[in-house]
Amino acid sequence: MTELLLSVHVLAAILAIGPITVAASMFPRYIREPDAEDGGPEGQNVRTAALLHRVCRGYTVLGVAVPVFGVATGSRLGVLTDTWLLASIVLTAAAAALLLLGILPGQQRLLDHPAGTSTGLAPGTGGETGTGGGSAPGTGAGDAPATVATTRSAAARLAMITGIFNLLWAVVVVLMIVRPGSTTGV
C-alpha cells in the first residue's frame, strides 16, 4: 500500500505541479510585451497569457492531491515527525501560499489590465472589455490605461514570485530524494 501511495504522490507532483511551474514561468513573457512589438496577431500575447493562467488555475485544483497523498505516504512510513518531512511540509505550504496569494491573483490583475488598454481584457481575448472600475497594475488609478512600463514592472515582480515558487518546489524535491537523517527505505 505504501508503494501505491508514494506512486500516486509522485505522479500527482509531476502531473500537477510541473505544468503550473512551466505555465507560471511563461506567463510574464507573454503579458509584458504588446503584440505590435513581436509581429504577432493583435491580442495573441494576451490570449496566450490567458491560456497559461487557465492552466495554472486548473492544475492548482489537481495539485491538492500532492500534499494529501504525501501526508498519507509519510504516515504509512512513520516519518511524519522527521525533520526533512516537516521542512518539506512548511516549504510546500509556502509555495501554495505564493501560488494562491501572489501568482494567480497577479496573473489575473495583469490579464484584467493588459498594456495599452483601459481596464478589462483586450478585445478578442474572450473576456470583458474595457469599462470596469479597476486600476492598471501597480498604479492605483481608476480607469487609467496600463502602460507598457507598468505592465512590464508588474510582470517582472510576478516573474520573481514565480521563480521563488519554483525554487521552493526544487528544494522540496531534493528533500524528498535525499531525506537527510532518514533511516527508512522505500
Side-chain angles (χ1 to χ4, degrees), residues 12-67 90-173:
I14 292 168
L15 298 175
I17 306 303
I20 295 170
T21 60
V22 172
S25 295
M26 293 173 63
F27 180 91
R29 181 255 183 255
Y30 285 98
I31 200 70
R32 94 171 42 116
E33 298 297 330
D35 292 314
E37 289 184 14
D38 69 4
E42 185 174 338
Q44 182 64 39
N45 282 349
V46 175
R47 285 191 299 274
T48 300
L51 173 67
L52 293 169
H53 176 62
R54 284 192 306 275
V55 167
C56 290
R57 276 194 344 243
Y59 281 97
T60 295
V61 174
L62 296 174
V64 172
V66 176
V90 168
L91 294 174
T92 298
L98 280 177
L99 180 63
L100 295 174
L101 301 174
I103 295 170
L104 293 175
Q107 288 177 345
Q108 189 62 57
R109 277 191 302 276
L110 283 164
L111 285 170
D112 288 344
H113 312 289
T117 67
S118 285
T119 60
L121 287 173
T125 61
E128 296 177 7
T129 56
T131 58
S135 62
T139 65
D143 270 334
T147 65
V148 173
T150 59
T151 298
R152 283 183 178 163
S153 176
R157 282 190 303 277
L158 183 60
M160 178 191 66
I161 293 168
T162 302
I164 295 168
F165 171 81
N166 293 343
L167 181 62
L168 287 172
W169 278 114
V171 172
V172 168
V173 167

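The first residue of the sequence shown is numbered 1, and numbering continues consecutively from there.
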Residue set satisfying side-chain contact (heavy atoms from CB on, under 4.5 Å) with Ala23, at least two apart, ordered chain then number -> Leu52, Val55, Cys56

With sequence neighbours excluded, what pairs up with Ala65 under the side-chain contact (heavy atoms from CB on, under 4.5 Å) test? Ala12, Phe69

Would you please name every residue forming a side-chain contact (heavy atoms from CB on, under 4.5 Å) with Ile164, sequence neighbours left out? Leu98, Met160, Leu168

Do the non-hydrogen side-chain atoms of Arg29 and Asn45 ever get within less than 4.5 Å of each other? yes

Atom pairs and distances, side-chain donor-acceptor, residues 99-106, under 3.5 Å, sequence neighbours left out:
none

Do Ile20 and Trp169 have side chains that get closer than 4.5 Å, going by heavy atoms? no

Any residue meeting side-chain contact (heavy atoms from CB on, under 4.5 Å) with Ala159, in chain and number order, not counting sequence neighbours: Pro28, Arg32

Atom pair CD1 (Ile31) and CZ (Arg109), whose distance is rounded to the nearest 0.5 Å: 12.5 Å

Between Thr151 and Val148 (side chain of the first, backbone of the second, donor and acceptor by atom type, cut-off under 3.5 Å), is there such a pair? no

Rounded to the nearest 0.5 Å, the OG1 atom of Thr21 sits from the CG atom of Leu167 at a distance of 12.0 Å

Starting at NE2 of His113, measure out to CD of Gln108 and round the result to the nearest 0.5 Å. 9.0 Å

Of all the heavy-atom pairs spanning Leu62 and Ala16, show the shortest one and how long it is. C-CB, 3.9 Å

Do Gln107 and Arg57 have side chains that approach each other closer than 4.5 Å (heavy atoms only, starting at C-beta)? no

Listed by chain and number, what are the side-chain hydrogen bond (donor to acceptor under 3.5 Å, both in side chains) partners of Thr48, not counting sequence neighbours? Gln44

Using the rule given for side chain to side chain contact (heavy atoms under 4.5 Å, CB included), can you reason through Thr92 versus Val66, listing the C-alpha separation, both sets of side-chain angles and the distance that settles it, and then say yes or no? CA-CA 9 Å; Thr92 298; Val66 176; 5.8 Å; no

Just do the side chain to side chain contact (heavy atoms under 4.5 Å, CB included) check on Phe27 and Leu111 with the steps written out, would you? CA-CA 10 Å; Phe27 180 91; Leu111 285 170; 4.0 Å; yes

What's the separation between atom CG in Leu158 and atom OG in Ser153, rounded to the nearest 0.5 Å? 11.0 Å

